[in-house]
Novice: 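One structure is given below, represented as structure tokens, and several questions about it will come after.
Below, all heavy atoms of this structure are taken into account, side chains as well, without hydrogens, waters or symmetry copies.
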Amino acid sequence: MVQQLPAPGRMGVDYETRVDFARLRDYRLKRARAALESSECGAFLLFDFYNIRYTTQSWVGGALGDKMIRYALLTRDGEPHLWDFGSAVKHHQLYAPWLRQENNHPGFLGFRGAVSPRAGLMADAVRQIKGILVDLGLQNSPVGVDIVEPPFLFEMRRQGLDVVDAQQHMLDAREIKSIDEIMLLNQAAAMVDGVYQDIVEALKPGVRENEIVALAAKKLYGYGSDQVEAVNAISGERCNPHPHNFTDRIIRPGDQAFFDIIHSFNGYRTCYYRTFSVGQATDPQRTAYGRAREWMDNAIAAIRPGVGSDEIASLFPTAESLGFDDELSAFGLQFCHGLGLGLHERPIISRLNSYRDPVEIKTGMVFAVETYCPATDGYSAARIEEEVVVTDEGPVVITKYPAEDLVVANPY
């Protein structure tokens, strides 16, 4: 029998085992260090926000997430270094004792070019990083970098550093989730379960897509979400083709509507679609939903340790059968993607990439399975997504809002 995974309360308590954050931090750093040891690199220099959190266990607000000014250095046989924004450094020194005091550094590289590289901030940063590598005898070893601004890359090379890719190694490290990560992913999904109950109650003719987005965001932040990354709200004639956004469209009687709720709790994300009909459902809408559900069930049934991602991808319909010219044009409609600190981690399973580069499904992977089916009326469509945890006994679905059949919200 497939196990039930816990989604306990979010407070720390003395009477129940819940998320052990010290254990979580130790697990992530151990995985990152193992990835570094297995690589050719002497150090990883990390700008990817998720990799920074994974290795340093630090977080600042999402407004800085795309500014390319925070970075971390993980070295062989050394403790992580973190360069952060202004007073955040002092905060880490006070409240993040797992980071050595002297390894917290102020850093600023220019807000993605708003301060020109001519100011020398990047040159100074590279000199500081190179100094640390020299002190550790690592200056002649390659430095792995995950994502980087071109001027910073050029400066690293100008100062004699051999730069290689670290992102593949870090994604390998993040691929297998610990029990604490799985618990956080399950808690994040439980929060969306509750949001969908509110959406179904509010989903009536006259409500606008953006009002549903506002409802979801308010509920999630009230629950304790640390970032509502996106909420897709798509209804009526906007369902086909799928636009991946929301508007101020007024929802009408008989519309089909689907939603994707993407948020994070303690950094761990959801990607969780549900489709509803409003007031009443038509035969084409029900048929499309049934097909999307069948594709979903077939894919989930095939998930187990040792299976190849190409075997799962083969169960999805072809792009041509959905009216697209090729798999690239249809990408994202029928696929799976890993979930963790990032929204799109390993494995990525689709007909576009999995035949070319199949990967093995492993115990401890957590990923979302997404299906989409256009209706024969030419504008409606069904979109379903389930999040699964791969266990030794098989897949465990952690997205609980009912989706076996098309739900009609507020039926007439």
Side-chain angles (χ1 to χ4, degrees), residues 189 191-220 230-262 270-300 316-317 321-323 330 332-335 368-387 397 399-412:
M191 294 158 72
V192 181
D193 296 340
V195 171
Y196 272 124
Q197 186 61 47
D198 285 3
I199 287 176
V200 168
E201 292 171 8
L203 197 54
K204 302 173 184 178
V207 69
R208 293 175 295 172
E209 292 174 356
N210 58 291
E211 292 179 280
I212 298 296
V213 173
L215 178 157
K218 182 177 186 296
K219 183 80 168 186
L220 288 167
V231 179
N232 287 339
I234 294 116
S235 63
E237 67 276 5
R238 293 196 339 106
C239 291
N240 181 19
H242 184 356
H244 301 278
N245 60 10
F246 70 89
T247 70
D248 60 348
R249 181 184 181 276
I250 298 173
I251 293 173
R252 307 181 70 184
D255 275 351
Q256 202 159 35
F258 55 81
F259 307 89
D260 186 15
I261 298 178
I262 303 167
T270 65
C271 191
Y272 188 163
Y273 271 100
R274 285 295 183 262
T275 296
F276 310 102
S277 287
V278 182
Q280 58 195 15
T282 65
D283 287 341
Q285 291 170 351
R286 293 187 185 279
T287 298
Y289 193 91
R291 294 182 70 196
R293 187 71 240 183
E294 180 182 4
W295 298 331
M296 173 69 65
D297 292 340
N298 290 343
I300 292 175
F316 292 134
S321 71
L322 297 173
L333 297 180
Q334 320 284 341
F335 85 129
V369 184
E370 306 189 33
T371 60
Y372 172 90
C373 185
T376 57
D377 62 16
Y379 57 89
S380 299
R383 179 69 153 164
I384 309 173
E385 186 168 23
E386 304 285 19
E387 298 173 11
V397 176
T399 37
K400 298 295 186 182
Y401 198 85
E404 291 76 16
D405 300 297
L406 177 62
V407 172
V408 178
N410 298 292
Y412 294 115

Novice: Could you grab the distance from atom CD1 of Ile262 to atom CG of Leu220, nearest 0.5 Å is fine?
Specialist: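 If we round to the nearest 0.5 Å, Ile262:CD1 and Leu220:CG are 11.5 Å apart.
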Novice: For residues Gln197 and Asp193, determine if any side-chain heavy atom of one lies less than 4.5 Å from a side-chain heavy atom of the other.
Specialist: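 They are not in contact (no side-chain heavy atoms under 4.5 Å apart), so the answer is no.
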Novice: Do the non-hydrogen side-chain atoms of Cys271 and Glu370 ever get within less than 4.5 Å of each other?
Specialist: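 Yes, close enough: below the 4.5 Å cut-off.
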Novice: Which pair of non-hydrogen atoms, one from Pro374 and one from Asn240, has the smallest distance, and what is that distance?
Specialist: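 Scanning both residues completely, I find the closest heavy atoms to be CB-ND2, 3.5 Å.
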Novice: Any Lys/Arg nitrogen of Arg293 or Glu404 sitting under 4.0 Å from an Asp/Glu carboxylate oxygen of the other?
Specialist: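 Looking at Arg293 and Glu404, the cut-off is not met.
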Novice: Parallel, tilted or perpendicular: which describes the rings of Tyr372 and His242, with under 30° parallel and over 60° perpendicular?
Specialist: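 Plane angle under 30°, so parallel.
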Novice: Assess whether side-chain contact (heavy atoms from CB on, under 4.5 Å) is satisfied between Tyr196 and Ile261, documenting all intermediate values.
Specialist: CA-CA 9 Å; Tyr196 272 124; Ile261 298 178; 3.8 Å; yes
Novice: Should Glu385 and Thr399 count as side-chain neighbours, where that means a heavy-atom distance under 4.5 Å?
Specialist: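 Contact flag for Glu385/Thr399 side chains = no.
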Novice: Using side-chain heavy atoms (C-beta onward) and a distance below 4.5 Å, is Gln256 in contact with Leu406?
Specialist: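 With C-beta onward as the side chain, the pair touches.
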Novice: Under a 4.0 Å threshold between the charged nitrogen and the carboxylate oxygen, would Lys218 count as salt-bridged to Asp198?
Specialist: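 Looking at Asp198 and Lys218, the cut-off is not met.
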Novice: Do Arg274 and Tyr401 form a cation-pi contact, if we require the NZ or CZ to be under 6.0 Å from the six-membered ring centre and within 45 degrees of the ring's axis?
Specialist: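 The answer is no; the distance or angle limit is not met.
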Novice: Could you tell me if Glu209 and Thr247 have a donor-acceptor pair between their side chains, going purely by distance under 3.5 Å?
Specialist: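 Yes, because at least one side-chain N or O of Thr247 sits under 3.5 Å from a partner of the opposite role on Glu209.
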Novice: Do Thr270 and Met191 come within less than 4.5 Å of each other through their side chains, counting heavy atoms only?
Specialist: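 A side-chain contact is absent here, since even the closest heavy-atom pair is not under 4.5 Å.
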Novice: With a 4.5 Å limit on heavy-atom distance, are the side chains of Val369 and Phe316 in contact?
Specialist: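 The answer is yes; the side chains approach within 4.5 Å.
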